[in-house]
Amino acid sequence: MLIETISVFPELFEPYLSASIMGRARRAGLFEFRAHDLRDWTHDRHRTVDDAPFGGGQGMLMKVEPIFEAVEAVSAEGPRPHVVFFSPCGRRFDQRAAERLSREDRLLFVCGRYEGMDERAYALADEVVSLGDYVLTGGELAALAVIDSVVRLLPGALGDEMSPVDESFSADAGLLEYAQYTRPASFRGMDVPEVLLSGDHARVAAWRRASAVERTARWRPDLLERASLTPEETELARRAREGA
Ligand code: SAM
């Protein structure tokens with residue numbers, strides 16, 4: 001997979017994408033990364049990428065021409081990329097979107113800054129993504145979050161092929177992940193559930209499923225609308241929601 005970004009702060013990406021799982025996946029050739037500087041597509045001495053909004057108002061907007069030139073030039077360097085823009089007005093990003101993007105061969109992320117972009121720039125977007133209902137200073141952090149969530153789904157990225165399957169929001173379960181513990185088995189009066197120490201795989205699996213239902217009911221009951229639960233699990237979720 002080829003992943004590219006266009007932004008006015010291309011240097012922000014390298015440290016994160018060189019470290020830990022991202023760095024390992026990159027060195028293993030699971031993805032290639034290129035950060036493009038939007039200012040390379042400006043034509044004035046000051047390499048200007050922003051201007052005041054028509055109609056007045058606070059702050060500056062990213063100009064449409066450099067964005068068009070950049071996206072067109074980068075796109076022409078190979079097979080057509082899937083182009084993603086960022087905005088708090090975009091569609092809320094989730095695990096399903098990460099799974100969908102992980103099947104693309106080439107992704108191009110275009111990051112905003114300032115008060116956002118000239119609206120005409122969005123004509124280039126295959127999709128506009130929001131990380132959530134809050135405002136960041138720039139799209140670079142949003143791009144890194146999306147890149148991270150996509151790369152860890154690439155086969156081999158996590159080492160253990162099963163890891164992404166069990167996780168919260170995975171398309172299979174639609175539930176949050178079950179509670180997990182490591183040593184010590186007892187800490188300040190808080191004991192690990194006995195079943196997890198039993199070595200009985202069937203009981204452990206049943207406990208984990210119940211734990212996932214309970215945690216989802218308590219923390220993200222909205223997710224249960226799409227999950228398929230047995231009548232016993234529905235009752236378990238009801239009791240967890242009521243704090244019983
Ligand atoms: N004035 C814009 C508004 O109110 O919608 C906010 C612009 S924000 C300060 C600058 C850039 O940060 C945006 O163009 C976008 O690229 C990025 N950004 C900010 N919040 C974001 C979010 N919740 N999700 C994704 N990108 C975001």
Side-chain angles (χ1 to χ4, degrees), residues 1-17 22 31 33-42 44 46-75 80-104 106-153 167-169 219-220 222-223:
M1 173 184 272
L2 172 58
I3 299 176
E4 289 163 285
T5 53
I6 295 173
S7 82
V8 288
F9 291 107
E11 69 277 15
L12 292 180
F13 297 98
E14 197 56 44
Y16 191 82
L17 296 178
M22 296 298 113
F31 77 105
F33 177 72
R34 291 181 206 149
H36 302 279
D37 187 345
L38 181 65
R39 293 188 197 278
D40 290 348
W41 285 276
T42 56
D44 64 314
H46 301 291
R47 297 171 33 105
T48 308
V49 291
D50 60 334
D51 206 341
F54 281 126
Q58 283 192 332
M60 300 292 269
L61 284 180
M62 293 179 80
K63 290 164 68 62
V64 66
E65 307 104 300
I67 297 174
F68 257 75
E69 283 191 37
V71 171
E72 286 170 352
V74 170
S75 299
R80 190 188 179 285
H82 184 77
V83 180
V84 179
F85 277 54
F86 295 102
S87 167
C89 308
R91 188 158 178 194
R92 181 96 61 96
F93 192 68
D94 61 14
Q95 190 65 15
R96 276 169 190 236
E99 285 163 9
R100 180 169 49 74
L101 293 185
S102 74
R103 292 191 284 274
E104 296 285 344
R106 189 178 178 203
L107 291 168
L108 175 57
F109 297 108
V110 184
C111 307
R113 276 270 157 180
Y114 317 116
E115 282 307 312
M117 290 179 178
D118 183 309
E119 189 72 13
R120 292 167 291 187
Y122 294 109
L124 294 163
D126 290 312
E127 60 183 292
V128 182
V129 161
S130 167
L131 275 203
D133 294 345
Y134 48 84
V135 180
L136 300 165
T137 54
E140 293 82 0
L141 204 51
L144 278 172
V146 170
I147 292 169
D148 184 301
S149 70
V150 167
V151 166
R152 65 196 299 288
L153 291 173
E167 283 179 323
S168 302
F169 316 114
W219 292 337
R220 289 292 306 276
D222 56 300
L223 294 177

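No hydrogens, no waters, no symmetry mates; every other heavy atom, side chains included, goes into these values. Numbering of ligands and ligand atoms starts at 1, following listing order.
Those atoms of ligand 1 that come under 4.0 Å of a heavy atom in L131, given as number and element, are 22 (C), 23 (N), 24 (N), 25 (C). Per-residue contacts place G139 under 4.0 angstrom from the following atoms of ligand 1 (heavy atoms of the residue considered): 12 (O), 16 (O), 17 (C). Atoms of ligand 1 found under 4.0 Å from any heavy atom of S130 (numbered from 1 in listed order, with element): 23 (N), 24 (N), 25 (C). Contact atoms of ligand 1 toward G116: 7 (C), 14 (O) (distance under 4.0 Å to a heavy atom of the residue). Close contacts of ligand 1 with Y134, meaning ligand atoms under 4.0 Å from a residue heavy atom, involve 20 (N), 22 (C), 23 (N). Shown in contact with G138 at under 4.0 Å from a heavy atom are these atoms of ligand 1, numbered in order with element: 11 (C), 12 (O), 17 (C). Shown in contact with V135 at under 4.0 Å from a heavy atom are these atoms of ligand 1, numbered in order with element: 6 (C), 8 (S), 9 (C), 20 (N).
Backbone and side-chain nitrogen or oxygen atoms of V129 are examined, and none is located within less than 3.5 angstrom of a nitrogen or oxygen of ligand 1. At least one N or O atom of F86, backbone or side chain, sits closer than 3.5 Å to an N or O atom of ligand 1.
Shown here, atom 24 (N) of ligand 1 is in close reach of the protein: a heavy atom of it lies under 4.0 Å off.
Not a single heavy atom of M117 sits less than 4.0 Å from an atom of ligand 1. Contact between Y114 and ligand 1 is present, with at least one heavy atom of the residue lying under 4.0 Å from the ligand.
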